[in-house]
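First the structure, in the form of structure tokens, and then the observations on it.
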Amino acid sequence: MASEELARKLQRRLNAEQEATTAPSPTPAPEPTGEGEMPAKSSETPETDGRAGGAGGAEASDEPAPSELTAKLSRRLDINDGTAAPRRSKVFNPYTEFKEFSRKQIKEMEAMFKRFDHGKDGFIDLMELKLMMEKLGAPQTHLGLKNMIKEVDEDFDGKLSYREFLLIFHKAAAGELEEESGLMALARLSEIDVSTEGVMGAKDFFEAKMQALSVG
């Protein structure tokens with residue numbers, strides 16, 4: 001009898017243990033708070049601060065814009081990589097910017113520029129400059145042509161705009177070109193008589209041109 005009673009007790013204990021393992025664990029009751037006390041905020045809910053958001057917005061809006069020098073350097077790198085977007089040339093008035101030349105002289109330069117702008121795109125590229133120098137009787141090497149463009153290429157696009165073309169004659173009249181440079185040969189051999197009137201410290205370009213033609 002004692003053994004049967006012991007067996008029943010063991011069976012009840014086993015059944016109780018099995019029920020304990022299969023039954024869901026009860027949710028613990030919240031800890032009681034004192035009278036008048038508000039329940040504590042959950043640690044999982046982040047505490048918001050309007051000032052923090054405002055400061056973050058201010059910091060984002062106060063981010064400094066890139067400087068003009070940085071923009072120019074970035075464009076120069078893009079041009080070297082061949083990824084720069086084409087930039088439209090600025091409209092300018094040659095009669096007010098190049099006051100040392102008469103209207104007749106500027107008209108002659110414009111006619112010459114258009115004559116060698118075979119692509120009619122408002123630029124003289126490397127190949128068009130090559131044909132120009134051959135027509136003038138002063139052919140240049142590939143490197144010499146690139147150096148000619150580089151000397152007046154203000155926007156680093158590798159070709160001559162109308163304004164940059166006028167700069168060649170401006171620099172020639174002002175004595176700012178090397179005597180043996182390709183640009184000086186272009187200015188001398190052109191059919192345009194560029195005087196030095198109004199250019200301070202300029203050489204007598206007309207005489208230099210006539211001397212070069214007589215030697216030729």
### Task
Evaluate the criterion salt bridge (Lys or Arg N to Asp or Glu O under 4.0 Å) for residue pair E154 and R163; output intermediate values, then yes/no.
CA-CA 10 Å; E154 294 185 324; R163 182 183 183 280; 2.4 Å; yes
message = Walk me through whether L126 and K146 qualify under side-chain contact (heavy atoms from CB on, under 4.5 Å).
response = CA-CA 7 Å; L126 192 68; K146 293 182 70 174; 4.0 Å; yes
Given K159 and E164, is the side-chain contact (heavy atoms from CB on, under 4.5 Å) satisfied, shown in steps? CA-CA 9 Å; K159 50 190 176 182; E164 292 166 346; over 6 Å; no
How far apart are the C-alpha atoms of L160 and D153, what are their side-chain angles, what is the distance that settles it, and do they pass the side-chain contact (heavy atoms from CB on, under 4.5 Å) test?
-> CA-CA 7 Å; L160 297 176; D153 189 11; 5.6 Å; no
Go through the steps to decide whether D157 and F123 satisfy the test side-chain contact (heavy atoms from CB on, under 4.5 Å), and finish with yes or no.
CA-CA 10 Å; D157 60 355; F123 296 94; 3.7 Å; yes
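Of the inter-residue distances, the one linking L129 atom CG with F165 atom CZ reads 9.0 Å to the nearest 0.5 angstrom. We find the CZ-CG distance between F98 and N93 to be 10.5 Å, quoted to the nearest 0.5 Å. Considering CE of M132 and CG of L145, their distance stands at 10.5 Å, rounded to 0.5 Å. Note that the CD atom of E100 and the CZ atom of F169 stand 12.5 Å from one another [nearest 0.5 Å]. A distance of 6.5 Å separates OG1 of T96 from NZ of K99, quoted to the nearest 0.5 Å. Note that CD of E176 is 11.5 Å distant from OG of S181, once rounded to the nearest 0.5 Å.
In this view, E128 and D117, H118, I124, D125 satisfy the side chain to side chain contact (heavy atoms under 4.5 Å, CB included) rule, not counting sequence neighbours. Applying the side chain to side chain contact (heavy atoms under 4.5 Å, CB included) test to N147 and every residue at least two apart in sequence or in another chain returns L143.
Using a 4.5 Å heavy-atom cutoff, the side chains of F101 and M109 are in contact. Side-chain contact between M184 and E178: absent, with no pair of heavy atoms (C-beta onward) separated by less than 4.5 Å. Two residues are said to be in side-chain contact when any heavy atoms from C-beta on lie closer than 4.5 Å; E151 and L177 meet this criterion. Side-chain atoms of L136 and L186, non-hydrogen and from C-beta on, do get closer than 4.5 Å to each other. Between K107 and Y95, the closest side-chain pair of non-hydrogen atoms falls below 4.5 Å.
When all heavy atoms of A138 and L189 are compared, the closest pair comes out as CB-CD1, 3.6 Å. Heavy atoms only, all atoms of each residue included: L166 and P94 are closest at CD1-CB, 3.7 Å. Minimum interatomic distance between M133 and A185 (heavy atoms only, all atoms of both residues): CE-CB, 4.4 Å.
Identified under the salt bridge (Lys or Arg N to Asp or Glu O under 4.0 Å) test for residues 133-145, with sequence neighbours left out: K130-E134.
Ring-plane geometry between Y162 and F113 is classed as tilted, the angle between the planes lying from 30 to 60 degrees on a 0 to 90 degree scale.
Atom NZ of K120 has more than 12 heavy atoms from other residues, nucleotides or ligands within 6.0 Å.
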